[in-house]
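Remarks on the structure that follows.
Numbering of residues begins at 1 and proceeds along the displayed sequence.
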Amino acid sequence: MRSLPAFLALTFVLSASPASADSRVFIIANQADGYGVDECLAMGKKCGAHAARSYCQSRDFAQALSYRRIDPDDVTGSIPTTAAANCNHAGCNDYVAITCQR
């Protein structure tokens, strides 16, 4: 009968572990650099997984949980309107959200 409280305690500890993982969403400009990395990230293609993981690792995160294109209007007040005004190529208003986890 002592095993029931121990089992419940273990279940509680194991279920609480994933919730303690630290994650953060980074909003970055989709740079149309001609190498295709921007297209991979913005379109959510598999080829963007390596770029997203590298981005997360460069900021001391272990992995990228997701990456996707976002609309600048979805990120209220975070994206300066002057950034697009100084841009001279297509895709200046495209942004990518990368969710990183430690």
Side-chain angles (χ1 to χ4, degrees):
M1 195 66 178
R2 290 184 193 177
S3 62
L4 181 61
F7 175 75
L8 292 175
L10 179 62
T11 303
F12 176 76
V13 169
L14 291 177
S15 66
S17 296
S20 65
D22 182 24
S23 64
R24 182 172 175 192
V25 178
F26 294 93
I27 308 293
I28 59 172
N30 182 26
Q31 301 295 325
D33 56 10
Y35 291 103
V37 173
D38 56 321
E39 183 178 333
C40 289
L41 283 169
M43 300 304 170
K45 296 180 180 177
K46 282 188 172 186
C47 55
H50 180 70
R53 185 176 62 247
S54 295
Y55 185 88
C56 291
Q57 289 175 345
S58 72
R59 281 148 184 82
D60 297 326
F61 285 83
Q63 62 181 341
L65 295 178
S66 67
Y67 52 96
R68 66 196 177 286
R69 188 185 78 76
I70 59 167
D71 191 312
D73 294 334
D74 293 341
V75 187
T76 309
S78 297
I79 300 172
T81 55
T82 57
N86 297 330
C87 180
N88 57 5
H89 58 77
C92 293
N93 290 325
D94 293 339
Y95 293 90
V96 175
I98 300 176
T99 305
C100 302
Q101 184 178 35
R102 290 205 195 272

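In terms of the salt bridge (Lys or Arg N to Asp or Glu O under 4.0 Å) criterion, residue partners of R102 (sequence neighbours excluded) are, by chain and number, D22. With sequence neighbours excluded, the residues satisfying side-chain contact (heavy atoms from CB on, under 4.5 Å) with S66 are R68, T99. Taking the side-chain hydrogen bond (donor to acceptor under 3.5 Å, both in side chains) definition, one finds that R59 meets it with Y55, sequence neighbours left out. Remark: Q57 engages R53 in a side-chain contact (heavy atoms from CB on, under 4.5 Å) (not counting sequence neighbours). Scored by the side-chain contact (heavy atoms from CB on, under 4.5 Å) test, A64 finds A52, C56, I98 as partners (sequence neighbours excluded).
Note on Y67: it clusters hydrophobically with F26, by side-chain heavy-atom contacts below 4.5 Å among ILVMFWY residues. Put simply, I28 and F61 are part of the same group of oily side chains (I, L, V, M, F, W, Y) that touch within less than 4.5 Å, one to the next. Linking Ile, Leu, Val, Met, Phe, Trp and Tyr whenever their side-chain heavy atoms come within less than 4.5 Å puts I70 and V25 in one cluster.
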